[in-house]
Protein chains: 2
Amino acid sequence: MAKSWALDYDPATCNIAAALAVVGEKWTFLVLREAFNGIRRFDDMQRRTGAPRQVLSSRLSRLVAEGILGKAPYQEPGQRLRHEYRLTEKGIELFPVIAALLAWGDKHAAAPGGPPVELTHRDCGAPVFLQLTCSQGHVLGSARDVTPIPGAGARRVA
Amino acid sequence: MAKSWALDYDPATCNIAAALAVVGEKWTFLVLREAFNGIRRFDDMQRRTGAPRQVLSSRLSRLVAEGILGKAPYQEPGQRLRHEYRLTEKGIELFPVIAALLAWGDKHAAAPGGPPVELTHRDCGAPVFLQLTCSQGHVLGSARDVTPIPGAGARRVA
DNA sequence: CTTGCTAAGTCTGTCAAGTAGACCTAGCCT
DNA sequence: AGGCTAGGTCTACTTGACAGACTTAGCAAG
């Protein structure tokens, strides 16, 4: 690899950093994992993530403020009014991030005994995975087949 | 959605948590981003991520210890011996995580002016994106088409 | 040979954030 | 009235992030 073109561009504009500013904190991903598992209640979240209550409270508020989770009141019969947290569309679109972490974890950080959870296609039941694809329809085998190039919003460094 | 099956299983075994234990810290993703950009030297990393030198030092050591980066000596003519950090195969396989964050950031957290970086297919130049696919060849439109099920390593909660 | 420069760190003091555990509150149930 | 539960908040402690100065090795210029 030659000297990287990236050195000539300003990294401050990178949207990875922007995404991480919203969801990059330690417990946030675990909260999202549980949200994708269908967990919606504070105490279930707390028990399953192990996050301190105060941190969980703060992360949930943040995710609601960012529009990744919605907070809605609901009431079960004979119970008092409660709130539940559900993924919004914006939140659901974070799924590839979670799926990619899961795939990597299964391969490189797995506990013995096989994967504790598997993703399947709702319609046919077959296992689901992430694939790098280009708009010409080629399937890419690895990140080595990807070339990052400066886009419309790129700014040269002074 | 009915009561989640997930409540009956132990979340401690989840490989997402295992992955996050390795790469889940605040600056780690930015370090990886720069690594994928072809940045290999400490000072370039420091300047581009903005991480405090001490934190960067500690994150790089961690990533080397985990086998995600390799530290190799090299020498340019007329220069003294230096070290560079390069992604290992294990590190390269984290690319989908970065790509997923980038895609989400482009859509939901973008600065005006368009994406600062785009991913293209090395062979044909067309834009690259992540696609959820099942082993039957179906392309999934959204996370809603995915059903997580307990896998071989799942443990019921007592 | 002394002084300076650069890359790649380490050291120090300060301050924000995470953490454990107790406490609080509203509504329902007995 | 008293107790239970979900969903928090309060307090005190400990860890980690941070900025800025210092260190070290090797090359180079004076």
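Here is the naming used below: chain letters follow the sequence lines, and residue numbers restart at 1 for every chain. Computed over heavy atoms, backbone and side chain alike; hydrogens, waters and symmetry mates excluded.
Applying the side-chain hydrogen bond (donor to acceptor under 3.5 Å, both in side chains) definition to pairs two or more places apart or across chains, those involving residues 102-117 of chain A are A/D106-B/N15, A/K107-B/E93, A/H108-B/E93.
Going from atom CG of A/L20 over to atom C1' of D/dA17 covers 17 Å, rounded to whole Å. Atoms CZ (A/R40) and P (D/dG7) sit 12 Å apart, rounded to a whole Å. Between the C1' atom of C/dT10 and the CG atom of B/L60 lies a distance of 14 Å, rounded to the nearest Å. Between A/F42 atom CZ and C/dA26 atom P the separation is 17 Å, expressed in whole Å. Atoms CE (A/M45) and C1' (D/dA6) sit 14 Å apart, rounded to a whole Å. Rounded to whole Å, the distance from CD1 on A/I39 to C1' on D/dG7 is 16 Å. Rounded to whole Å, atom P of C/dA7 lies 12 Å from atom CD of B/Q46.
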Quick one: what's the B/S/- string for nucleotides 16-25 of chain C, heavy-atom cutoff under 4.0 Å, read 5' to 3'? --SBS-----
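Residues A/I16 and B/I98 meet the side-chain proximity criterion, which asks for heavy atoms closer than 4.5 Å. Taking the side chain as every heavy atom from C-beta outward, B/L130 and A/Q131 never approach each other to under 4.5 Å. Here the side chains of A/H138 and B/D123 are not in contact, with every heavy-atom distance at 4.5 Å or above.
Checking the phosphate oxygens (OP1, OP2) of C/dG9, a side-chain nitrogen or oxygen of B/Y85 falls inside 4.0 Å. Residue B/K71 has no polar side-chain atom (N or O) positioned under 4.0 Å from OP1 or OP2 of C/dA8.
A donor-acceptor pair under 3.5 Å is absent between the side-chain atoms of A/R47 and the main chain of A/F42, judged by distance alone.
When the nucleotides D/dA6, C/dG9, D/dG8 are ranked by their closest atom to the side chain of A/S57, D/dG8 comes out on top.
Taking every heavy atom of both residues into account, B/A100 and A/P96 meet most closely at CB-C, 3.7 Å.
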